[in-house]
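Note that these values count all heavy atoms, side chains included, but never hydrogens, waters or copies made by symmetry. Since the model is a prediction, treat every value here as computed from it, not as a measurement.
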Amino acid sequence: MSMRIPFDNSYARLPDRFFTRRNPTPVIDPQLIAFNADLATELGISPGEKRDLAETFAGNAITEGSEPLAQAYSGHQFGGFSPLLGDGRANLLGEVIDKKGKRRDIQLKGSGPTPYSRNGDGRAWLGPVLREYVVSEAMHALGIPTSRALAAVTTGEQIYREQGALPGAILTRVASSHIRVGTFQFFAARRDVEGLQTLYDYTVARHYPEIDTPTDLLNAVIDRQAQLIAKWMGVGFIHGVMNTDNTTISGETIDYGPCAFMDLFHPDMVFSSIDAQGRYAYSNQPNIIVWNMAQFATCLVQLMPDRDQAVKDFTEAVHAMPDVIHRHWLQVFGRKLGIAKATPEDETLIIDLLQAMANNRADFTNTFRALGTEKARDQFLNPKDYDTWEINWKQRLSGERDSTELMQANNPWVIPRNHRIEEMIQAAVTGDFIPFETLQSALAIPFIEQPSQNTLTHPPTADQVVRQTFCGT
């Protein structure tokens, strides 16, 4: 039985300047690495034979109903504006309506050059494909809004990067949409108000049908992004490249390049090899998302009848965003401490723990998971720092019900640690995908302890530490 994907495309019906129609570039010998059967069922996809999967998700076979295209967008990259970016190595195959009635994009990443490739080859090598597959699915299991991984294939071709020749691969990504702040910037930068209005109408219909005005859209996106960032902070996640073209209007995490989860806690932790100034450090992520929302607001001003008033209103909304983020952050970390509804008075308790963790080089994930046990105390170079904090914490919990269950549900037992991802990639390059499959299995249920996989919870030894992660190229 051949593959069936029930495409119901809408983005492809937008004006031509929104995208360029372009088929993926076929590859020599596609081989299936992974297929997310549960997600496929959710999307109404009926898979065929393994060979059909490989051919389809390599872009060699165009499924009936697919209308491949590369989306156009702009973006601020590390603070500098690029008026034309776009999908330089991706093809949107089309959209499906899932079993919950939600429209979802299906996109190939690493599928060959497009008019937006800027002299790039449009390809991806195996490492970044597996990283995004593992991390995006882990984020989903952690309850964090994210794009999903549907499939991964090798291409049978060599990809040339600074490291030399590397095995090529393609990821199939699923997202609520790929509309970005940078998509709005594309039209705003060109003073294309008609295009901007069309994009606004499309975005509202697809993601926010309950709203009426650009002001409502700004406030809705601000709230979704504020919730998202608070959830990132709660698991020690560092996106690494929070450019406006990597910031979705839907509020999903997208474009996992030099991303990482912290081991030892430090608020200024950076892993991205290209973030020399720490612009996208862990602690700076709330500031950056406010900056990104200011760029979004600047685009929406062009749609307002009274632009001077809009500037005032939008400025007020953006300036209020840090407080919105902070409210969500307080609730996220309150639940991690077993507090069902944290109040501003609980902030000191949270900050004191984080400060003690930073001073004592405590592991972020393992400390929170073990709170109230000797294992938490053992994370600290000076255990007395933990003891002092624990006294105040236990006093605070005296009035809480079901605090243990709440902590177990909000503090994961396992995360995709950087050194395990690197080990997985190195093994895969040799043709060994067992570490990839092991990680996938464990990370699918991150809040449930799995004694047989205890080694996945161990922080890296000195010779295993990953100090830099690299963009998915």
Side-chain angles (χ1 to χ4, degrees), residues 3-30 32-36 39-40 43 45 52-73 75 84-96 103-126 128-129 132-133 136 147-157 159 168-180 182-183 186 245-246 248 252 254-257 472-473:
M3 275 203 69
R4 179 181 177 275
I5 301 177
F7 285 111
D8 183 16
N9 305 327
S10 61
Y11 204 87
R13 305 282 78 78
L14 292 173
D16 288 347
R17 62 189 184 280
F18 278 67
F19 52 78
T20 300
R21 297 186 187 276
R22 178 62 60 94
N23 283 352
T25 303
V27 299
I28 294 173
D29 182 25
L32 188 69
I33 303 169
F35 176 64
N36 192 335
L39 178 57
L43 299 174
I45 295 175
D52 293 330
L53 293 171
E55 292 286 337
T56 298
F57 295 127
N60 282 21
I62 305 301
T63 305
E64 182 180 357
S66 175
E67 299 179 77
L69 58 87
Q71 292 178 311
Y73 49 84
L84 181 59
L85 294 173
D87 290 331
R89 57 194 180 95
N91 282 93
L92 177 64
L93 296 182
E95 304 150 32
V96 299
R103 189 172 291 274
R104 313 276 288 276
D105 281 0
I106 299 180
Q107 183 198 68
L108 300 185
K109 191 173 180 181
S111 52
T114 77
Y116 312 111
S117 295
R118 294 177 292 171
N119 299 319
D121 60 12
R123 293 300 190 187
W125 75 277
L126 183 60
V129 165
E132 179 155 349
Y133 196 112
S136 63
S147 59
R148 301 284 306 276
L150 178 59
V153 300
T154 53
T155 63
E157 300 175 355
I159 304 301
I170 298 172
L171 175 76
T172 304
R173 181 165 72 183
V174 175
S176 293
S177 82
H178 287 81
I179 304 169
R180 313 153 187 265
T183 316
F186 178 82
D245 55 294
N246 293 337
T248 62
E252 288 182 325
I254 201 168
D255 286 323
Y256 294 89
T473 56

Visitor: With a 3.5 Å distance limit and no angle check, can you tell me whether D255 reaches the backbone of N246 through a side-chain donor-acceptor pair?
Guide: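 Between the backbone of N246 and the side chain of D255 there is no qualifying donor-acceptor contact (under 3.5 Å).
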Visitor: Please check: side-chain N/O of T155 versus main-chain N/O of P30, any donor-acceptor pairing under 3.5 Å?
Guide: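 Checked: no pair found.
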Visitor: Is there a donor-acceptor pair closer than 3.5 Å between any side-chain N or O of R104 and the backbone N or O of V174?
Guide: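 Pair absent, no side-chain N/O of R104 close to backbone of V174.
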Visitor: Show, in sequence, the C-alpha distance, side-chain angles and deciding distance for I254 and H178, and conclude whether the side chain to side chain contact (heavy atoms under 4.5 Å, CB included) test is met.
Guide: CA-CA 9 Å; I254 201 168; H178 287 81; 3.6 Å; yes
Visitor: Identify the two heavy atoms, one from Y116 and one from A70, that lie closest to each other, and give their separation to 0.1 Å.
Guide: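 Of all heavy-atom pairs spanning Y116 and A70, the closest is CE1-O, 3.4 Å.
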Visitor: For V129 and A152, work out which heavy atoms get closest and say how close.
Guide: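 Looking at all heavy atoms of both residues, the closest pair is CG1-CB, 3.9 Å.
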Visitor: Using only atom types and a distance under 3.5 Å, with no angle test, would you say the side chain of T56 pairs donor to acceptor with the backbone of L53?
Guide: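 Checking the backbone N and O of L53 against the side chain of T56, no donor-acceptor pair under 3.5 Å is found.
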Visitor: So do R4 and I45 actually touch side chain to side chain, heavy atoms under 4.5 Å?
Guide: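 No, every pair of side-chain atoms sits at 4.5 Å or beyond.
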Visitor: Suppose we screen for ring pair (Phe, Tyr, Trp, His ring centres under 6.0 Å). Which residues come up paired with Y11, at least two apart in sequence or across chains?
Guide: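 Counting only residues at least two positions away or on another chain, Y11 forms a ring pair (Phe, Tyr, Trp, His ring centres under 6.0 Å) with Y202.
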Visitor: Would you mind reporting whether V96 and D8 have side-chain heavy atoms less than 4.5 Å apart?
Guide: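 Side chain of D8 against side chain of V96, heavy atoms only: no contact under 4.5 Å found.
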Visitor: E252 and side-chain hydrogen bond (donor to acceptor under 3.5 Å, both in side chains): which single residue from S177, S136, S176 fits?
Guide: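 With E252 as partner, S177, S136, S176 yield a single side-chain hydrogen bond (donor to acceptor under 3.5 Å, both in side chains), made by S176.
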Visitor: Check whether any side-chain N or O of N9 sits under 3.5 Å from a backbone N or O of A12 as a donor-acceptor pair, and report yes or no.
Guide: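 Side chain of N9 to backbone of A12: no pair is present.
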Visitor: With the side chain counted from C-beta on, respond yes when L108 and L171 share a heavy-atom pair under 4.5 Å apart, and no when they do not.
Guide: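 SC-SC contact between L108 and L171 ruled out.
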Visitor: Could you check whether any side-chain heavy atom of T114 comes within less than 4.5 Å of a side-chain heavy atom of T20, counting everything from C-beta outward?
Guide: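 SC-SC contact between T114 and T20 ruled out.
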Visitor: Could you grab the distance from atom CD1 of I62 to atom CG of L93, nearest 0.5 Å is fine?
Guide: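 CG of L93 is found 6.5 Å from CD1 of I62.
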Visitor: State, yes or no, whether a side-chain contact exists between I170 and R123 at a heavy-atom distance under 4.5 Å.
Guide: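 Side chain of I170 against side chain of R123, heavy atoms only: contact under 4.5 Å found.
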Visitor: Under the criterion side chain to side chain contact (heavy atoms under 4.5 Å, CB included), which of T172, N91, D87 is the partner of Q107?
Guide: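 Testing each of T172, N91, D87 against Q107, the sole residue satisfying side chain to side chain contact (heavy atoms under 4.5 Å, CB included) is D87.
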Visitor: Can you see which heavy atom on A124 is nearest to which on I159, and at what distance?
Guide: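 In terms of heavy atoms, the two residues are closest at O-CG1, 3.6 Å.
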Visitor: Is there a donor-acceptor contact under 3.5 Å from the side chain of S111 to the main chain of P24?
Guide: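 No, S111 side chain to P24 backbone: no donor-acceptor pair under 3.5 Å.
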Visitor: Distance from L69 atom CG to L92 atom CG, nearest 0.5 Å?
Guide: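 Those atoms lie 4.5 Å apart.
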Visitor: For R21, which residues count as a salt bridge (Lys or Arg N to Asp or Glu O under 4.0 Å) partner, sequence neighbours excluded?
Guide: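 Checked R21 against salt bridge (Lys or Arg N to Asp or Glu O under 4.0 Å); matches are E67.
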Visitor: The criterion is salt bridge (Lys or Arg N to Asp or Glu O under 4.0 Å); which residues satisfy it with R148, sequence neighbours excluded?
Guide: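 Once residues adjacent in sequence are excluded, the partners of R148 under the salt bridge (Lys or Arg N to Asp or Glu O under 4.0 Å) criterion are E137.
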Visitor: Determine whether a donor-acceptor pair (N or O, by modelled atom type, separation under 3.5 Å) exists between the side chain of Y73 and the backbone of G86.
Guide: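 Present.
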Visitor: Where do A40 and F35 come nearest, in terms of heavy atoms and distance?
Guide: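 Looking at all heavy atoms of both residues, the closest pair is CB-CZ, 3.4 Å.
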Visitor: Side chain to side chain donor-acceptor pair (under 3.5 Å) between S10 and E95: does it pass, once the steps are laid out?
Guide: CA-CA 7 Å; S10 61; E95 304 150 32; 2.6 Å; yes
Visitor: Do you know which two heavy atoms are closest between E157 and V27, and how far apart they sit?
Guide: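 The answer is OE2-CA, 3.2 Å.
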Visitor: Whether K109 and E132 form a salt bridge (side-chain N of Lys/Arg under 4.0 Å from carboxylate O of Asp/Glu) is what I want to check.
Guide: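 Yes, this pair counts.
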Visitor: Looking at L84 and R118, what are the two nearest heavy atoms and their distance?
Guide: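 Reported closest heavy-atom pair: O-CD, 4.3 Å.
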Visitor: With sequence neighbours left out, what residues match Y133 under side-chain hydrogen bond (donor to acceptor under 3.5 Å, both in side chains)?
Guide: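 Y133 satisfies side-chain hydrogen bond (donor to acceptor under 3.5 Å, both in side chains) with no other residue.
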Visitor: Residues two or more places apart in sequence or in another chain: which of them pass ring pair (Phe, Tyr, Trp, His ring centres under 6.0 Å) with F7?
Guide: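 Here no residue qualifies.
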Visitor: Quick one: list whatever passes salt bridge (Lys or Arg N to Asp or Glu O under 4.0 Å) with D245, sequence neighbours left out.
Guide: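 D245: no salt bridge (Lys or Arg N to Asp or Glu O under 4.0 Å) contacts found.
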